[in-house]
Number of protein chains: 2
Amino acid sequence: MDHTLLVLGLLKLEEMHGYQLSDLIDKRLKYLTDLKKPTLYHLLGKLEQAGAVTQSVSRAGNRPERRTYRLTAVGEKQFRALLRQNLQDAPAAYFNDDIGLLFLSEMPAAEARALLEQKRAAVDARLAEIAQGVAAHDANSPAYYTLRHHQLHLLTEQTWLAELLAQLKKRAVREDILACLAAIESAAAVPAKTRRRKI
Amino acid sequence: MDHTLLVLGLLKLEEMHGYQLSDLIDKRLKYLTDLKKPTLYHLLGKLEQAGAVTQSVSRAGNRPERRTYRLTAVGEKQFRALLRQNLQDAPAAYFNDDIGLLFLSEMPAAEARALLEQKRAAVDARLAEIAQGVAAHDANSPAYYTLRHHQLHLLTEQTWLAELLAQLKKRAVREDILACLAAIESAAAVPAKTRRRKI
DNA sequence: CCTTGAATAGTCCATATTGACTATTCTAAA
DNA sequence: TTTAGAATAGTCAATATGGACTATTCAAGG
C-alpha cells in the first residue's frame, strides 16, 4: 500500500512524531495524497506492531505527550521493497469523471454543457496554481516531479474537456432542431382555432 | 459518492439483481471503477434502506434466490443530483506514482531507470489495448468517452515517463562519473605497494 | 488580566472496503 | 457418467478510512 511507502519514506528521511507527519502531509504534500490523521495514526500503530518503526514517548513542557517514531532496519527493508514495487508497477487508474460521462445522455446537452463548463473553470484554476509551483521549484527536486506530473495531467484534462464540450455543442444544436421540429409538428396537430387563441 | 451514482444510473437504465450489476461492472465497466462485490451489496443495502431502490426477491429453478433492484422516484432524484455534482466538480486527483518519485533520490539512478522502464512497458501495453477499444467504438457512445479519456491520460503518462527517464539518464551519468572519481581518489590514498598487489 | 482563536497532539465511533469463503448449478470432456 | 472447472449469487469477518470530537498551550488584542 502506498500510504505505507510514504510514511516509511518520510521517517527514513527524519524521525518524527505523529502530528508532525500529519501536518507535513496535509500542507507540503497535499498534491501527493490526502491521507487523513486517523488513518495515519492507525498505520503508525500497525507499523510499530510489525516492527518497522519504534516509538519513543516524550513530552515537552506540559504539552500532551508525543510519540516519536523512528525507522528500524526492518522498516528500511520494507521501504526499499515498496519503493521498487511502486516504481515498477503501473496500477490501473480510475477517474471519477468517467462515471458522470457514462450517463451524459440522461441529461439535455445544454445542461450538461453548463455543468461541464464549471468543471473546466475549476481545472483552469487548479492549473494556474500548479503552474506557479512548477515555476518556483528547481527541476530535479522531488516536489518538482509531483507538480510537473500533475501539471501534465491537468493539461490533458483541459484538452479532454475542450474536445468533449465541442462534441456536446454539436449535440445541443441537434437537440434544439429536433425540439423545434417537434414543436411545429404538435402545433400542426392542434386544430386551427386553438392555435389562433395562443397567438 | 460516485459508486452510488454508478449503481443508481445503471438501475435507472434497467432493473437488475446484485450479481448482474457486479458482473457488468467487473467486465464491461472495468475501466470505470473497481467496485468490488461486497462493497456493491453493502451499497445496495443502504440504498434500499434509504428508499432509493426497492428489492423484489425471486428464484429461477433451484438457484439461490435473487434480489432484483429497481430504482424508485426518490432514487431517480438522487441520481440527478449526483450526476449534476459529478459533471460540475473537478475533485483533486492523486497519483500513486508520485509517492515513488518523492523518494527517487534514495536509490541509484541506474536501478530506478530499470524499474521505471518496466512501468513504461506496462503503460505501453495498456495503451495498445485501449487503442483497440477506441477504434472499435462509435464516437459519442458512453463507452467511447471512457476509453478516449483513458487513452489521453495514458499518453500523458507515456510522455511523462519519457521526460523522467531522460532526466534520470543524465543523473546516472553524473553518478557514474562521481563514483569513478571517488574510486580514483581512494586508490590514490592507498600506499603504492598495496595498489600494485591488486593489479 | 482575560478572552478568543489558532496551533498542537491525538482519539472515538461509524462507515466503507475487501480477501476469503459458502453453496449451488451448469457444461464439457474423459 | 462422473467429475473437474466455470458461472451464479451472495456472505463474513477483518481492515481501512474519515467526520467530529477532546484537551491542552500559545499569542495577541481589548
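Bear in mind the structure is a predicted one, so any value in this text is a computation, not a measurement.
- B:Leu115 is listed as a side-chain neighbour of B:Glu111, based on a closest heavy-atom distance under 4.5 Å.
- The list of salt bridge (charged side-chain N to carboxylate O under 4.0 Å, His left out) pairs with a residue in residues 138-165 of chain A, not counting sequence neighbours, reads A:Arg148-B:Glu163, A:Glu163-B:Arg148.
- Between A:Lys36 and B:Pro38, the residue anchored closer to the 5' end of DNA chain D is B:Pro38, taking for each the nucleotide with the nearest heavy atom.
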Distances under 3.5 Å only, N/O to N/O: pair up the protein atoms with those of nucleotides 14-16 of chain C.
residue	atom	partner	partner atom	Å
C:dA16	OP1	B:Lys46	NZ	2.9
C:dA16	OP2	B:His42	NE2	3.3
C:dA16	OP2	B:Lys46	NZ	3.4

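- Phosphate proximity of C:dG10 to A:Tyr19: absent, as no side-chain N or O sits under 4.0 Å from OP1 or OP2.
- Rounded to a whole Å, the CG atom of B:Leu40 is 13 Å from the C1' atom of C:dT18.
- Salt bridge status for A:Glu117 with A:Arg120: present, with a side-chain N to carboxylate O gap under 4.0 Å.
- Checked against D:dG10, C:dA9, C:dT8, the side chain of A:Lys37 finds its nearest nucleotide in C:dA9.
- The CG-P distance, from B:Leu24 to D:dA9, rounds to 14 Å in whole Å.
- Not a single donor-acceptor pair under 3.5 Å links the side chain of A:Asn96 to the backbone N or O of B:Asn86.
- Dashed line: the shortest gap from a side-chain N or O of B:Arg67 to OP1 or OP2 of D:dT8 is not under 4.0 Å.
- Between the side chain of B:Tyr69 and the backbone N or O of B:Leu8, no donor-acceptor pair lies under 3.5 Å.
- Using the six-membered ring where Trp is involved, B:Phe95 and A:His149 have ring planes that are tilted, between 30° and 60° apart.
- Going from atom CD of B:Gln20 over to atom P of D:dT8 covers 10 Å, rounded to whole Å.
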